[in-house]
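This chain uses plain numbering: 1 for the first residue, then up along the sequence. The model shown is predicted, which means the values in this text are computed figures rather than measured ones. Every number for a ligand or one of its atoms is a count from 1 in the order of the listing.
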Amino acid sequence: MIRIVYLLVRPESMSPEKFAEECKVHFDMSHDVPALYKYEVRLVDREPQDTHVPYLSVGPFDAVAECWFESEEKYEEYLASGVREQWFEHGKSFIGKLKPIITRDIH
Ligand code: 3ML
């Protein structure tokens, strides 16, 4: 499984409420995107700093998302799709900045 994690920052001019609304629309739209096995987007609620190891300061960001793909072939199919292109167009309307992190399994 290919999994890509994203940190999302809302545009400076957008309210947190509007951003939350658009995240919900984006989640609903994800169900029509071909070859996307799963998409999740979650709003940042709290960022506790009382960690048991040194705290790493990152951000600020407003949401964390993840895209799952079953294989490289599926990922290519996703990239080639027009529906995916429309999904990204919606993304451009409410994501101010995006930090993608391509992750891999530990074994
Ligand atoms: C890539 C993505 C990260 C995210 O949260 O949504 C998708 C599509 C997009 O950026 O519009």
Side-chain angles (χ1 to χ4, degrees):
M1 192 71 73
I2 299 170
R3 294 173 59 163
I4 311 178
V5 174
Y6 300 90
L7 305 181
L8 282 69
V9 180
R10 70 184 152 85
E12 277 173 29
S13 58
M14 187 176 284
S15 70
E17 293 74 22
K18 173 74 174 161
F19 178 73
E21 235 174 70
E22 295 300 335
C23 282
K24 172 75 172 87
V25 172
H26 210 57
F27 175 72
D28 291 343
M29 287 177 79
S30 74
H31 296 124
D32 297 326
V33 178
L36 177 60
Y37 179 79
K38 181 175 170 171
Y39 173 72
E40 208 166 64
V41 58
R42 300 182 62 80
L43 298 167
V44 172
D45 185 30
R46 294 185 301 274
E47 294 185 68
Q49 295 191 13
D50 57 339
T51 49
H52 61 295
V53 293
Y55 180 71
L56 172 67
S57 182
V58 179
F61 54 93
D62 300 288
V64 179
E66 190 168 13
C67 287
W68 280 253
F69 305 94
E70 286 171 298
S71 62
E72 281 293 341
E73 292 70 29
K74 289 283 186 186
Y75 183 58
E76 293 300 324
E77 184 186 332
Y78 158 87
L79 288 179
S81 131
V83 177
R84 193 274 312 152
E85 226 169 283
Q86 285 167 26
W87 193 44
F88 275 27
E89 281 306 312
H90 177 256
K92 285 185 199 167
S93 75
F94 82 99
I95 304 171
K97 283 190 279 184
L98 186 66
K99 166 77 174 176
I101 303 160
I102 300 176
T103 65
R104 63 186 172 87
D105 293 338
I106 53 167
H107 58 274

Co-members of W68 in a cluster of I, L, V, M, F, W and Y side chains, linked at under 4.5 Å
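ILVMFWY cluster around W68 also holds M1, Y37.
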Who clusters with L56? Use side-chain heavy atoms, under 4.5 angstrom, across I, L, V, M, F, W and Y, and order the result by chain and number.
V5, L7, V9, V44, V58, F61, V64, I101
Tell me if the aromatic rings of H26 and Y39 count as close, with their centers under 6.0 Å from one another.
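When the ring centroids of H26 and Y39 are compared, they turn out to be within the sub-6.0 Å range.
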Neighbouring residues of ligand 1, heavy-atom cut-off under 4.0 Å
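These residues qualify: Y6, L8, H26, Y39, A65, W87, F88, G91, I95.
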Which pair of heavy atoms, one from C23 and one from V41, lies closest together, and at what distance?
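Between these two residues, the closest heavy atoms are O-CG1, 3.7 Å.
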Nearest heavy atoms of S93 and M14, plus distance in Å:
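Nearest heavy atoms, S93 then M14: O-CE, 3.6 Å.
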D28: which residues meet the side chain to side chain donor-acceptor pair (under 3.5 Å) condition with it, sequence neighbours left out?
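Side chain to side chain donor-acceptor pair (under 3.5 Å) list for D28, sorted by chain: K24.
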